[in-house]
Amino acid sequence: MNSLYRWNFAPVLDNLDVLWVGAIGTLRLFVICLVLGFGFGLVVGLGRHAKASWIHLPATAFVEFFRNTPVLVQILWFYYALPILLPFQISPLVAAALGISLNSAAFSAEIYRGGIESIDRGQAEAARALGMTAAQAMRRIVLPQALRRMLPALTNRGIEIFKMTTLASAVAYVELLQQGKLLASLNFNPIETYTVIAVVFFLCLFPLVQATYALERRLGRADA
Amino acid sequence: MTTQPLMRVQGLEKNFGDHAVLRGIDLDVMPSDRIAILGASGSGKSTLLRCLNFMERPSAGVVELAGQAIGRAAPGKADPGRRSYDEAELTRVRQRVGMVFQQFNLFPHMTAIGNVMEALRTVRGQREAEARERAQAELARVGLADKAAAYPARLSGGQKQRVAIARALAMDPEVLLFDEPTSALDPELVGEVLRVIRSLAEEGRTMLLVTHEIGFAYHVANRVLFIAEGGIHEQGTPDQVLKHPSEPRTRAFVDRHREFDF
């Protein structure tokens with residue numbers, strides 16, 4: 001560490017528009033992966049919970065495969081290897097969205113399954129005893145209670161997804177880190193640039209996390 | 001004139017793996033019957049009740065509801081008495097056979113009236129206003145009109161069980177099954193629940209009641225079954241079974257549980 005280093009943020013701040021473009025890309029990828037990951041994760045999680053083995057075995061295989069391979073490898077595979085197997089090109093956005101969404105689906109599926117299985121069996125039984133179908137009992141009685149319990153774990157997943165978007169820079173998708181790399185190599189100032197990138201991520205995530213804490217506290221009160 | 005049984009149970013068996021819990025139960029439930037089911041824990045009395053609304057699927061035997069046998073015969077090599085059940089049919093059966101649980105099983109994320117309205121809305125497809133009016137009437141019947149907006153966490157055990165009874169009644173069940181409805185309650189809360197059940201009995205509702213409250217069974221039931229080792233060990237009027245039991249096991253059970261003068 002050179003204590004004589006003179007920090008100079010001016011070249012970074014002069015190029016905020018470049019970072020802004022990256023931030024839009026990050027946000028777009030985040031929203032896509034959040035919706036697809038949590039949505040598909042619910043499907044897989046319900047599949048894991050199913051009794052029929054032709055449903056829960058594929059769901060379990062999916063979860064284990066995507067939990068035990070690195071997201072970066074998946075993104076690179078979708079970008080470089082999949083187009084060889086398929087007759088079309090895959091854009092950096094699609095490759096990154098596939099890798100991150102499928103990985104998040106695998107992790108959130110386990111959260112959903114755990115949440116569903118933490119709800120007392122008597123709840124589903126009472127619903128079925130009233131003549132509700134299994135799907136109605138899940139949707140109206142079990143899931144609303146389970147989601148409340150899962151909120152902290154899902155929040156963590158959401159934060160992970162936000163940070164995982166930086167992996168898309170490996171296939172040159174335009175997001176914050178990719179734009180930062182660009183600036184750092186043009187201006188030869190990686191120290192300042194990456195500092196700013198880190199601060200931007202913190203400023204995005206910190207308020208988000210505080211908001212979910214507040215939401216958890218409110219739901220916790222309603223439970224009592 | 002002979003009346004048709006509302007429910008007829010023939011040769012009902014239930015195994016959990018190698019463990020035979022019910023070993024051939026025959027039972028006719030006539031309209032307005034109030035059948036108390038007694039027996040030691042583990043005798044199979046709750047399993048019997050749970051087979052009648054198919055919370056458990058019988059391993060063998062036939063359950064008829066108003067003359068209609070439920071399920072189709074699907075004999076296997078090892079068990080010729082096996083039947084197959086269609087989930088949609090069982091859902092329709094459960095709409096006609098209500099159940100009240102030992103642990104209440106109220107939906108904690110809904111208010112008392114929300115609990116009663118839920119199946120009216122989702123199963124009956126009633127509109128909000130219609131369901132609310134019916135639910136309010138059922139809450140009033142169990143003496144909880146003023147607790148409509150309360151969440152279950154704010155209710156006592158006795159109030160919770162009364163909401164659960166209102167929830168079952170709202171579906172107009174032809175038969176009501178009570179699975180030890182007062183066993184999870186503090187002693188001082190038992191009375192309010194038993195009073196509600198007794199008023200339903202006096203209305204002529206058909207009910208089966210698994211209970212340890214022998215005094216209550218004596219006064220409210222018209223028939224008493226004593227279950228032991230998965231079979232009906234002794235049955236008859238409350239006077240026969242509870243005051244003059246002919247089987248030594250029944251006598252021993254009644255003596256152990258005699259907490260009330262009757």
Side-chain angles (χ1 to χ4, degrees), chain A residues 42 45-56 111-155 212 214-224, chain B residues 46 49-50 52-56 86-111 114-125 151-154 160-161 163-179 184:
Chain A
L42 176 58
L46 289 172
R48 285 269 275 156
H49 180 67
K51 267 192 225 114
S53 58
W54 63 272
I55 300 177
H56 78 235
I111 298 173
Y112 286 117
R113 184 177 67 102
I116 288 166
E117 288 174 2
S118 78
I119 301 300
D120 180 53
R121 274 188 44 184
Q123 290 292 305
E125 278 193 355
R128 302 304 303 280
L130 289 165
M132 292 166 79
T133 65
Q136 286 172 330
M138 180 58 71
R139 190 169 50 81
R140 296 282 310 163
I141 306 303
V142 177
L143 262 189
Q145 298 180 55
L147 278 172
R148 190 175 287 191
R149 275 189 208 177
M150 293 182 298
L151 196 64
L154 287 177
T155 305
T212 57
L215 185 62
E216 277 165 33
R217 275 195 301 274
R218 242 190 56 199
L219 290 177
R221 266 209 306 276
D223 242 358
Chain B
S46 278
L49 214 60
R50 291 168 59 84
L52 298 185
N53 72 341
F54 296 87
M55 301 309 292
E56 306 287 353
D86 171 42
E87 199 51 52
E89 183 188 17
L90 297 187
T91 298
R92 285 194 300 276
V93 168
R94 293 187 190 113
Q95 291 166 21
R96 301 168 61 186
V97 182
M99 182 170 239
V100 173
F101 298 87
Q102 181 178 353
Q103 300 295 337
F104 329 129
N105 296 347
L106 288 187
F107 309 134
H109 58 307
M110 297 178 180
T111 58
N115 268 272
V116 184
M117 288 169 66
E118 178 59 24
L120 291 172
R121 303 269 285 142
T122 55
V123 177
R124 285 284 156 76
Y151 280 89
R154 298 260 174 252
K160 282 182 198 167
Q161 192 59 298
V163 173
I165 293 171
R167 181 173 70 174
L169 288 175
M171 299 302 285
D172 294 314
E174 294 160 53
V175 182
L176 266 172
L177 309 174
F178 290 94
D179 189 5

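Everything numeric in this text was worked out from a predicted model, so none of it was measured. Chain identifiers are assigned alphabetically (A, B, ...) following the order of the sequence lines, protein sequences preceding nucleic acid strands; residue numbering begins at 1 within each chain. Below, each value reflects all heavy atoms present in this structure, side chains not excepted, and no hydrogens, waters or symmetry copies.
Heavy atoms closer than 4.5 Å to chain B are found in the side chain of A:Gln136, but not in its backbone. Only the backbone of B:Leu106 comes within less than 4.5 Å of a heavy atom of chain A; no side-chain atom from C-beta onward does. Looking at B:Arg96, there are no atoms closer than 4.5 Å to chain A (heavy atoms on both sides), in backbone or side chain. Using a 4.5 Å cut-off between heavy atoms, A:Ala127 contacts chain B through both its backbone and its side chain. Interface remark: B:Val100 contributes no atoms to any contact with chain A (heavy atom separation under 4.5 Å).
Across A:Ala126 and B:Phe101, no two heavy atoms sit closer than the pair CA-CE1, 3.7 Å. When all heavy atoms are compared, the tightest approach of B:Asn53 to A:Ala129 is ND2-CB, 4.0 Å.
To the nearest 0.5 Å, atoms CZ (A:Arg128) and CE (B:Met99) are separated by 13.5 Å. Of the inter-residue distances, the one linking B:Arg121 atom CZ with A:Arg140 atom CZ reads 8.0 Å to the nearest 0.5 angstrom.
Counting heavy-atom pairs closer than 4.5 Å to chain A, the top-ranked of the candidates B:Glu118, B:Met171, B:Arg50 is B:Glu118. Comparing B:Gln103, B:Arg124, B:Arg167 by how many heavy-atom pairs each has under 4.5 Å with chain A, the most go to B:Arg167.
A heavy-atom distance below 4.5 Å is found between the side chains of B:Pro108 and A:Gln123. Within the 4.5 Å cutoff, side-chain heavy atoms of A:Ile141 are placed close to those of B:Met110. You'll find the side chain of A:Leu130 stays beyond 4.5 Å of the side chain of B:Thr122, heavy atoms only.
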